[in-house]
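Here's the structure, in structure tokens; my notes come after.
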Amino acid sequence: MPSDIRVRIAPSPTGPLHIGTARTALFNYLFARHTGGTFVLRLEDTDVARSTAAFEKDILDALHWLGITWDEGPGVAGLEEAGPYAPYRQMQRLGSYAEAAEALLAKDLAYRCYCTPEELEADRRAREAAKLPPAYSGRCAHLTPDERAAREAEGRRGAIRFRVRPGVVGWNDLIRDRVEIDTANLGGDFVIVRADGTPLYHFTVVVDDAAMQISHVIRGEDHVSNTPKHILLFEALGYGIPTFGHVPLILNPDGTKMSKRKSQTAVSDYIAQGFTREALVNYLAFLGWSPGTEDDLLTLDEIAQRFELDKVQKGGARFDRERLEWLNGQWIRRLDDADLVARLLPFTEAAAVAGQIDRAPSEGELTALLPIVRERLSTLASITDVAGFLWRELTPDPAALVPKRWDAATTIEGLAAAGERLAAHDAVTWEADELEPPLRRLVEARGWKAGDLFMAIRMAVTGQAATPPLFDVLVALGRERTLARLDAAVEALRSA
RNA sequence: GCCCCCAUCGUCUAGAGGCCUAGGACGCCGCCCUUUCAAGGCGGAGAUCACCGGUUCGAAUCCGGUUGGGGGUACCA
């Protein structure tokens with residue numbers, strides 16, 4: 001399905017990939033794939049002071065990790081960069097901005113402004129004191145050639161300001177219909193090129209979207225009020241105006257725009273905590289969009305098939321981590337064995353390095369454990385909560401060892417008796433269904449409740465009250481370690 | 001302050017005038033299963049569709065206002 005639709009995501013490498021940027025990227029990707037259009041990635045690195053190569057790498061890696069692919073830009077097909085409109089990093093496109101700025105200057109659609117930061121600051125305060133909305137005073141809007149020459153002679157370079165024309169600017173937004181804004185509310189003529197010659201966002205975004213033939217600008221709702229500035233620039237530069245679509249924001253639990261202060265915003269943090277790409281993509285897509293059916297679990301490809309921009313919600317959506325965790329569990333349960341083990345390995349290794357466990361399990365060990373751990377994992381990292389006792393030495397805690405309905409003496413008796421029965425069992429038949437009957441008989445002989453004995457044993461061999469099924473745990477632990485932990489527990493209780 | 005946007009269970013949402021005494025999912029509460037924890041199954045509580053007017057035979061759905069919430073107001077992106 002060939003199409004002229006071209007969309008883009010334009011992250012700024014001033015921080016790790018933000019969950020909101022990831023979702024905007026996802027929506028653009030879905031729209032492009034659904035319509036057979038082209039998806040472009042462009043790096044907006046003109047904030048030189050805050051941009052870093054490390055953040056750039058984090059952004060590209062996290063996007064790749066999510067399974068979001070782009071057709072043009074840095075990192076396509078493993079290349080440094082690919083696409084007919086290269087380069088895709090703004091700091092390498094300075095020439096085109098300079099050219100566009102010259103064109104505006106030549107037509108007097110923009111002018112040099114020599115106001116100092118101090119003057120601007122004073123203006124801002126004055127307007128605030130007068131209870132007026134902040135706006136540029138226009139001090140340099142009509143300088144005579146002599147006045148200009150005088151300032152240049154002082155060594156002032158001057159920023160370039162775009163003349164905002166009076167009138168109303170409107171557009172038909174893809175998801176919120178008609179939006180109109182009076183340019184009188186734009187804050188006056190705005191700066192498009194800094195005094196040091198570097199271009200500003202509002203300017204570069206327009207020059208590049210035009211140069212890269214972007215047909216649909218799909219971005220966050222926080223850009224709605226910037227859109228008139230962009231439209232004015234498209235007009236002044238003589239470019240065609242793309243179609244705009246503003247998607248709702250992802251919100252903190254308190255309903256404000258999602259921020260690092262109140263939420264975890266870096267995609268890399270979610271990756272580090274053991275969320276799967278399937279769950280994250282599924283979750284993010286359903287934040288603000290829904291297929292209109294009652295499906296809850298959809299893959300990236302399935303979502304791309306069904307994705308429609310007009311089914312995107314207008315209002316912002318709060319980020320609900322509990323729902324994300326539920327989805328993650330759903331996807332973990334659907335992964336095949338080899339895949340799950342491969343994804344688990346980095347987490348057990350990291351836990352070993354961090355000292356949370358004494359040694360990292362082998363691939364074979366993990367595979368064998370899958371039947372009893374998989375439905376207990378809400379994240380990949382939680383593998384150590386579920387089975388960490390297998391790879392860690394235990395220090396018996398006498399107080400925790402005694403089941404609710406038992407006392408210390410009964411617990412000693414129970415654990416010792418259980419140890420004897422199990423010791424009598426030979427190693428070859430050390431299997432769950434072989435281990436259970438002798439202990440059931442023991443319980444019956446003493447008139448105990450199975451749950452009490454089992455809990456005592458569970459605490460003794462794992463150190464925790466919530467574990468996978470007890471007899472499977474004994475098997476995973478092996479005869480020697482089971483017996484040793486039972487002995488150690490009895491010993492700890494006796495000397496307590 | 002000014003400009004703009006938004007508004008269905010606690011949360012994410014279905015709903016595009018009669019199918020809605022508003023459906024699903026997360027979370028919550030029971031019950032079942034059960035050696036614990038999960039998973040799974042079943043059931044339940046939970047929304048006067050923010051409010052007030054209007055249009056209409058009929059409104060969650062259309063219009064206006066109010067209230068509430070959010071976003072933007074940079075020589076950041």
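By convention in this document, chain letters (A, B, ...) are assigned in the order of the sequence lines, proteins followed by strands, and residues within each chain are numbered from 1.
Distance check on atom P: C20(B) versus C32(B) gives 34 Å, rounded to whole Å. Comparing the same atom, P, in G17(B) and in U61(B) gives a spacing of 12 Å after rounding to whole Å. A14(B) and G23(B) have their C1' atoms separated by 6 Å, given to the nearest Å. The same atom, P, is picked in C6(B) and in A47(B); the two are 27 Å apart, to the nearest Å. To the nearest whole angstrom, the two C1' atoms, one in U73(B) and one in C29(B), are 47 Å apart. With C1' as the reference atom, C37(B) and G46(B) are 27 Å apart, rounded to whole Å. Rounded to a whole angstrom, the distance from the C1' atom of U11(B) to that of G27(B) is 8 Å. To the nearest whole angstrom, the two P atoms, one in G69(B) and one in G30(B), are 35 Å apart.
If you check every strand for non-hydrogen atoms under 4.0 Å, Pro117(A) touches nothing. Across all strands, Thr256(A) comes closer than 4.0 Å only to sugar-phosphate atoms, never to a base (heavy-atom distances). Using a 4.0 Å heavy-atom cutoff across all strands shown, Gln313(A) reaches sugar-phosphate atoms only and no base atom. Counting any heavy atom pair closer than 4.0 Å across all strands shown, Asn226(A) reaches a base atom. Counting any heavy atom pair closer than 4.0 Å across all strands shown, Ile192(A) reaches no nucleic acid atom. Contact annotation for Gln330(A): backbone-only contact, meaning every heavy-atom pair under 4.0 Å involves sugar-phosphate atoms and none involves a base. Contacts of Ala450(A) with the nucleic acid, taken as non-hydrogen atoms under 4.0 Å apart, are absent. Within the nucleic acid shown, Leu470(A) comes within 4.0 Å of at least one base atom, counting heavy atoms only. Among the protein residues, Thr46(A) comes within range of the sugar-phosphate backbone only, with heavy atoms under 4.0 Å from sugar or phosphate atoms but none that close to a base. Arg176(A) comes within 4.0 angstrom of sugar-phosphate atoms only, judged by non-hydrogen atoms across all strands, and of no base. In this structure, Gly187(A) reaches neither bases nor backbone, as no heavy-atom distance under 4.0 Å exists between it and the strands shown. Counting non-hydrogen atoms under 4.0 angstrom, Arg50(A) reaches a base of the nucleic acid. Residue contacts shown for His202(A) include a base, since a base heavy atom lies under 4.0 Å away. Phe286(A) comes within contact range of the sugar-phosphate backbone alone, with a heavy-atom separation under 4.0 Å but no base atom that close.
Comparing Met258(A) and Arg318(A) by the nucleotide of RNA chain B that holds the closest heavy atom to each, the one mapping nearer the 5' end is Arg318(A). Across the interface with RNA chain B, nearest-nucleotide mapping of Lys314(A) and Ala465(A) shows Lys314(A) to be the residue nearer the 5′ end.
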Going through the checks in order, is the side-chain contact (heavy atoms from CB on, under 4.5 Å) test met by Trp448(A) and Trp406(A)? CA-CA 10 Å; Trp448(A) 292 332; Trp406(A) 278 13; 3.7 Å; yes
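The OH atom of Tyr270(A) lies 7.5 Å from the OG1 atom of Thr265(A); values are rounded to the nearest 0.5 Å. Between atom CG of residue Leu200(A) and atom NZ of residue Lys229(A) there is a gap of 9.5 Å, rounded to the nearest 0.5 Å.
Sorted by first and then second residue, the side chain to side chain donor-acceptor pair (under 3.5 Å) pairs involving residues 315-325 of chain A (not counting sequence neighbours) are Gln273(A)-Arg321(A), Arg321(A)-Glu325(A).
Checked options Asn282(A), Thr276(A), Thr379(A); the residue passing with Asn328(A) is Thr276(A) (criterion: side-chain hydrogen bond (donor to acceptor under 3.5 Å, both in side chains)).
Reading RNA chain B from its 5' end, the first and the last nucleotide to sit under 4.0 Å from a heavy atom of chain A are G1(B) to A77(B).
Across all strands shown, G53(B) pairs with C63(B); the Watson-Crick or G-U wobble distances both stay below 3.5 Å. Using N1 to N3 plus N6-O4 or O6-N4 for Watson-Crick, or N1-O2 and O6-N3 for G-U wobble, each under 3.5 Å, C20(B) pairs with nothing. Figure legend. G1(B) is base-paired to U73(B); pairs are counted as Watson-Crick or G-U wobble with both atom distances under 3.5 Å. Applying the Watson-Crick and G-U wobble criteria (two distances, each under 3.5 Å), C33(B) pairs with nothing in any strand. The pairing partner recorded for A39(B) is none, the criterion being a Watson-Crick or G-U wobble arrangement whose two distances lie under 3.5 angstrom. Checking C26(B) for Watson-Crick or G-U wobble geometry (two distances, each under 3.5 Å) identifies G10(B) as its partner.
One side chain, Asp208(A) or Tyr97(A), offers a donor N or O that lies under 3.5 Å from an acceptor on the other.
By the 6.0 Å and 45° rule, Arg458(A) does not stack over the aromatic ring of Phe454(A).
Using cut-offs of 30° and 60° on the angle between ring planes, the pair Trp289(A) and Phe286(A) is perpendicular.
The shortest side-chain heavy-atom distance between Arg151(A) and Leu143(A) falls under the 4.5 Å cut-off.
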